[in-house]
Amino acid sequence: MEDFSDIRITRRDLLKVGAASATGVALPAVANAQDAASGTTHGAVTANVSLEVNGKPQQLLLDTRTTLLDALREHLRLTGTKKGCDHGQCGACTVIVDGRRMNSCLTLAVMHDGSKVTTIEGLGVPGQLHPMQAAFVRHDGYQCGYCTPGQICSAVAVLGEIRDGIPSHVSADLRARPQATAEEIRERMSGNICRCGAYSNIVEAITEVAGRKA
Ligand code: FES
Ligand code: FES
């Protein structure tokens with residue numbers, strides 16, 4: 001058996017080893033981040049992506065791994081769209097792509113070349129709110145507001161789906177035109193989580209915009 005009794009490790013030695021391994025992990029991450037920001041190709045594949053965002057044409061050179069969410073927030077500085085889980089579980093990142101709602105954290109920007117994207121900034125502005133934004137204000141459909149941009153984008157698209165006759169899991173008759181009932185709205189909005197629990201007020205706001213009695 002080997003004898004390790006002569007080996008002495010000081011606290012200073014341990015700190016040196018820790019610093020060296022931390023640097024080893026951190027350096028590649030920094031290099032990758034710099035690549036993405038500058039559009040260079042150190043190990044990354046980039047692509048030109050054309051989007052129409054809130055009615056404005058945008059040309060971006062992106063690492064092909066960039067999500068639509070990061071393209072909006074980090075490259076176009078449209079930070080109204082929120083990153084909650086980054087895993088498709090909370091709905092905070094919902095935007096409207098070519099008329100359909102989408103979790104922007106779950107899709108790559110490069111997949112939407114040529115698409116029209118609407119974020120919360122494109123729905124309405126202070127003093128000229130979209131009817132859904134105004135209804136959320138009237139019905140207190142938020143508390144901290146973090147989930148609200150995603151809730152509102154979802155809600156706008158949900159009413160579009162109902163108008164287009166697209167059924168949901170709770171539609172009793174798949175051939176009949178769905179109605180904006182509270183049950184339909186709750187089911188269709190179930191991918192948008194609100195940690196503050198403003199759900200009943202959110203349903204009231206959407207119901208009002210749908211033209212039914214809240
Ligand atoms: Fe996209 Fe949570 S951030 S679903
Ligand atoms: Fe706070 Fe929904 S208003 S998470």
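Along the sequence shown, residues are numbered consecutively beginning with 1. Fair warning: this is a prediction, and the values are worked out from it, not measured in the lab. Both counts, for ligands and for their atoms, begin at 1 and track the order of listing.
- Between Asn192 and Thr94, some side-chain heavy-atom pair lies under the 4.5 Å cut-off.
- With respect to the salt-bridge test (charged N to carboxylate O, under 4.0 angstrom), the residues Lys83 and Asp86 qualify.
- No side-chain heavy atom of Gln89 sits less than 4.5 Å from a side-chain heavy atom of Ile193.
- Ligand-side atoms of ligand 1 in range of Gly88: 4 (S), range being under 4.0 angstrom from any heavy atom.
- Salt bridge annotation for Arg188-Glu184: present, with a cationic side-chain nitrogen under 4.0 angstrom from a carboxylate oxygen.
- Between the SG atom of Cys90 and the SG atom of Cys85, the angle centred on atom 2 (Fe) of ligand 1 amounts to 110° when rounded to 10°.
- Looking at Ala92, Gly91, Cys93 and measuring to atom 1 (Fe) of ligand 1, the nearest heavy atom belongs to Cys93.
- For Cys194 atom SG and Cys147 atom SG, the angle they make at atom 2 (Fe) of ligand 2 is roughly 110°, to 10 degrees.
- The contact set between ligand 2 and Cys196, taken as ligand atoms under 4.0 Å from a residue heavy atom, comprises 1 (Fe), 3 (S), 4 (S).
- Electrostatic pairing of Glu204 and Arg138 does not count as a salt bridge here, judged by no charged N lying under 4.0 Å from a carboxylate O.
- The pair Asp164-Arg100 meets the salt-bridge criterion, since a charged nitrogen lies less than 4.0 angstrom from a carboxylate oxygen.
- Here the side chain of His87 pairs a donor or acceptor atom with the backbone of Cys85 at under 3.5 angstrom.
- Heavy-atom contacts of Cys105 reach the following atoms of ligand 1: 1 (Fe), 3 (S), 4 (S) (cutoff under 4.0 Å).
- Not one N, O or S atom of Cys144 sits under 2.8 Å from atom 2 (Fe) of ligand 2.
- For Asp98 and Ser115, the side-chain atoms include at least one donor-acceptor pair closer than 3.5 Å.
- From the protein, the heavy atom lying nearest to atom 3 (S) of ligand 2 is Gln143 N, 3.1 Å.
- Annotation for ligand 2: atoms under 4.0 Å from non-hydrogen atoms of Gly145 are 1 (Fe), 3 (S).
- Close approach of ligand 2 to Arg195 is summarised as follows: ligand atoms under 4.0 Å from at least one heavy atom of the residue are 4 (S).
- For ligand 1, the atoms lying closer than 4.0 Å to a non-hydrogen atom of Asp86 are 2 (Fe), 3 (S).
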